[in-house]
Trainee: 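Here's a structure for you.
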Number of protein chains: 2
Amino acid sequence: MLNEWLRGEVVNIRCLFTQSLILTIKIKMSHSYTEENYIKTIYKLSANGVQDVNTNAIAEVLETKAASVTDMLRKLSAKDIVNYVKYKGVSLTPQGERVALQIIRRHRLWETFLVEKLKFNWDEVHEVAEELEHISSTLLANRLDEFLGYPKFDPHGDPIPSESGEMKHKKQRLLAEMAIDDAGVVVGVNDSQPLFLQYLDKMGISLGTSIKIIDKIPYDNSLEIGLAQDRCLVISQEVSKNIFISA
Amino acid sequence: MLNEWLRGEVVNIRCLFTQSLILTIKIKMSHSYTEENYIKTIYKLSANGVQDVNTNAIAEVLETKAASVTDMLRKLSAKDIVNYVKYKGVSLTPQGERVALQIIRRHRLWETFLVEKLKFNWDEVHEVAEELEHISSTLLANRLDEFLGYPKFDPHGDPIPSESGEMKHKKQRLLAEMAIDDAGVVVGVNDSQPLFLQYLDKMGISLGTSIKIIDKIPYDNSLEIGLAQDRCLVISQEVSKNIFISA
DNA sequence: TATCGAATTTAGATTCATCTAAAAATAAAA
DNA sequence: TTTTATTTTTAGATGAATCTAAATTCGATA
């Protein structure tokens with residue numbers, strides 16, 4: 001009920017008689033587990049330069065039906081979390097973006113915790129972090145951040161937003177876009193699926209690994225790369241498109 | 001759907017033709033956030049020697065209505081989590097008890113983590129742990145347990161069940177039941193409400209504090225107790241009934 | 001510009017957890 | 001033992017999030 005009336009984050013209530021007593025309440029809007037997943041998905045889909053995210057894309061990511069997405073978009077629109085125009089697409093409002101960044105912050109802090117402190121492998125953390133990210137206590141997130149030593153990047157190389165939503169931009173390029181004899185260090189991955197990360201582990205590639213392009217095979221765009229100790233291997237374009245190297 | 005058919009935890013599927021191939025599947029039943037809260041509540045209400053927990057008691061703890069409780073009891077009964085007889089009351093099945101102990105395990109491990117690692121006060125942890133306890137990953141609970149050094153008791157002195165559901169029984173008595181000149185050490189509290197714990201903090205009482213009964217005031221059953229360095233104070237019976245002392 | 005096909009939205013139904021109000025069962029008191 | 005009070009359950013409704021199937025809109029092509 002209150003949620004319906006008070007959509008902003010800060011509300012001023014002025015005394016009717018004196019006009020001098022102003023009560024400023026900061027309202028912490030909370031969103032359901034489901035709403036948070038939609039917000040996060042819209043954020044991620046608009047991150048790649050996309051302006052208006054379309055319904056089907058959201059449905060695919062969330063493994064749900066387009067009709068369900070439409071319903072939720074109307075709801076989030078009423079809450080001023082998204083700009084939604086029927087048939088046109090959806091984008092986050094500044095408010096929605098703030099919410100998204102907080103969710104992402106919590107997700108990445110938990111992933112860091114799981115890997116650094118609980119010795120999870122980097123391919124095991126996503127699923128659990130998907131649950132942990134919804135615990136909304138700000139104190140918890142901030143204390144965790146402090147406990148971890150204010151990390152700037154998570155185990156996959158993704159930047160961790162600060163409490164106010166800022167994040168470090170890492171200068172990086174895709175391994176697939178480098179030229180022969182270029183070299184650099186792995187600073188992130190573009191895909192965090194367990195199968196991909198397990199493959200990298202097997203190949204001895206992780207954050208911080210030095211890589212040099214030895215050759216490009218034009219036939220299928222696969223790459224011959226050099227690692228430490230003259231170790232050489234060939235990786236497919238599929239793989240090279242999902243590894244970020246320091247610029 | 002699968003949930004409806006397969007209620008146990010282990011299922012054997014025998015090949016129809018050869019009869020020799022037996023597929024044993026261990027099914028991890030999962031319960032909704034809401035179901036888990038009911039299970040936990042029933043466990044806690046039956047812990048105090050009560051055999052059959054009644055509907056109203058559950059409704060009161062969960063701040064819901066008796067009618068809602070009845071609905072959920074029928075549901076949990078169908079899942080073999082509780083023994084439920086209309087109008088008579090409810091108790092956990094062995095299966096339900098296992099589930100309850102896992103939830104309590106996770107709750108207490110998280111409380112320990114919050115206090116020991118994230119520097120929460122013991123009155124701040126309950127609410128957050130109520131959310132964290134529902135994250136069901138067994139790997140997470142076990143790694144957390146390991147990370148904390150396999151603690152046997154949480155910050156309120158309550159025992160932490162092991163993965164198999166066993167817990168240390170602490171020999172203890174209520175401060176209210178001790179005689180004049182008896183002495184001992186605080187090993188737990190019977191009430192974890194923030195207001196109570198903040199009061200104890202203020203009085204300088206925490207786990208491990210040595211207490212000696214100096215006098216009992218018969219008028220209102222309040223106690224005069226002695227702490228370290230000849231510090232003396234008077235506490236009400238209400239308070240003394242909520243502090244456990246080593247036996 | 002008329003039409004086709006894909007994307008999107010509406011309409012109506014379902015499931016879960018909840019509620020209120022009324023009925024039924026149990027327990028306590030007269 | 002009857003009556004009364006309390007507890008518990010049923011019946012019917014609601015809101016959130018979802019679904020299917022049908023209708024609508026958009027954009028691209030002929």
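Worth knowing before you read on, the calculation uses all heavy atoms, side chains too, and leaves out hydrogens, waters and symmetry mates. Just so it is clear: chains get the letters A, B, ... in the order the sequence lines come, proteins before strands, and each one is counted from 1.
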Trainee: Could you tell me whether T34(A) contacts a base, only the sugar-phosphate backbone, or nothing, with contacts defined as non-hydrogen atoms closer than 4.0 Å?
Mentor: sugar-phosphate
Trainee: If you find the nucleotide of DNA chain D closest to E63(A) and the one closest to V69(B), which residue's nucleotide is nearer the 5' end?
Mentor: V69(B)
Trainee: Looking at K86(B), does any N or O in its side chain come under 4.0 Å of the phosphate oxygens OP1/OP2 on dT8(D)?
Mentor: no
Trainee: Separation of L73(A) atom CG from dA7(C) atom C1', in whole Å?
Mentor: 13 Å
Trainee: For S32(B) and dC16(C), is the shortest distance between a side-chain N/O and OP1 or OP2 below 4.0 Å?
Mentor: no
Trainee: Rounded to whole Å, please give me the gap between CG in N54(B) and C1' in dT7(D).
Mentor: 8 Å
Trainee: Closer than 4.0 angstrom, basic N to acidic O: yes or no for K40(A) and E133(A)?
Mentor: yes
Trainee: Write down the distance between CE (M72(B)) and C1' (dT10(D)), rounded to a whole number of angstrom.
Mentor: 17 Å
Trainee: OP1 or OP2 of dT10(D) versus the side-chain N and O atoms of R74(B): is any pair under 4.0 Å?
Mentor: yes
Trainee: Among dT18(C), dT20(C), dT18(D), which nucleotide has an atom closest to any side-chain atom of A67(B)?
Mentor: dT20(C)
Trainee: Identify which nucleotide among dT18(D), dT9(D), dT8(C) has an atom closest to any side-chain atom of T70(A), counting heavy atoms from C-beta outward.
Mentor: dT8(C)
Trainee: Tell me the interatomic distance from L76(A), atom CG, to dA16(D), atom C1', rounded to whole angstroms.
Mentor: 13 Å
Trainee: Output every pair passing side-chain hydrogen bond (donor to acceptor under 3.5 Å, both in side chains) with a member in residues 157-167 of chain B, not counting sequence neighbours, ordered by first then second residue.
Mentor: N142(B)-E163(B), S162(B)-S164(B), S164(B)-E166(B)
Trainee: Checking contacts here: which listed nucleotide (dT18(D), dC26(D), dT10(C)) is nearest the side-chain heavy atoms of Y87(A)?
Mentor: dC26(D)
Trainee: Report yes if a side-chain nitrogen or oxygen of N56(A) is closer than 4.0 Å to either non-bridging phosphate oxygen (OP1 or OP2) of dT8(C); otherwise report no.
Mentor: yes
Trainee: Base, sugar-phosphate alone, or nothing: which one does S68(B) contact when heavy atoms must sit under 4.0 Å apart?
Mentor: base
Trainee: Contact class for D71(B) vs. all strands (heavy atom < 4.0 Å): base, sugar-phosphate, or nothing?
Mentor: base
Trainee: Has K65(A) got a side-chain N or O lying under 4.0 Å from the OP1 or OP2 atom of dT18(D)?
Mentor: no
Trainee: Please state whether the phosphate of dG27(D), meaning OP1 or OP2, lies under 4.0 angstrom from any side-chain nitrogen or oxygen of K88(A).
Mentor: yes
Trainee: Rounded to the nearest 0.5 Å, what's the gap from CD1 on I235(A) to CG on L175(A)? Could you check?
Mentor: 4.5 Å
Trainee: Touch check for Y38(A), heavy atoms < 4.0 angstrom, all strands: base, sugar-phosphate only, or nothing?
Mentor: sugar-phosphate
Trainee: For the atom pair CG (L148(B)) and CZ (F113(B)), what is the distance rounded to the nearest 0.5 Å?
Mentor: 7.5 Å
Trainee: Count the heavy atoms belonging to other residues, nucleotides or ligands that lie under 6.0 Å from CD of Q198(B), then report whether that count exceeds 12.
Mentor: yes
Trainee: Over how many whole Å does the gap from L45(A) atom CG to dA7(C) atom C1' extend?
Mentor: 16 Å
Trainee: dG27(D) P sits how many Å from D52(A) CG, rounded?
Mentor: 11 Å
Trainee: Evaluate side chain to side chain contact (heavy atoms under 4.5 Å, CB included) for L197(B) paired with H156(B), printing each intermediate quantity in order.
Mentor: CA-CA 9 Å; L197(B) 299 174; H156(B) 308 111; 3.7 Å; yes
Trainee: Base, sugar-phosphate, or nothing: which does Y33(A) touch, judged by heavy atoms less than 4.0 Å apart?
Mentor: nothing
Trainee: Tell me: CD of E60(B) to P of dT7(D), nearest whole Å?
Mentor: 11 Å
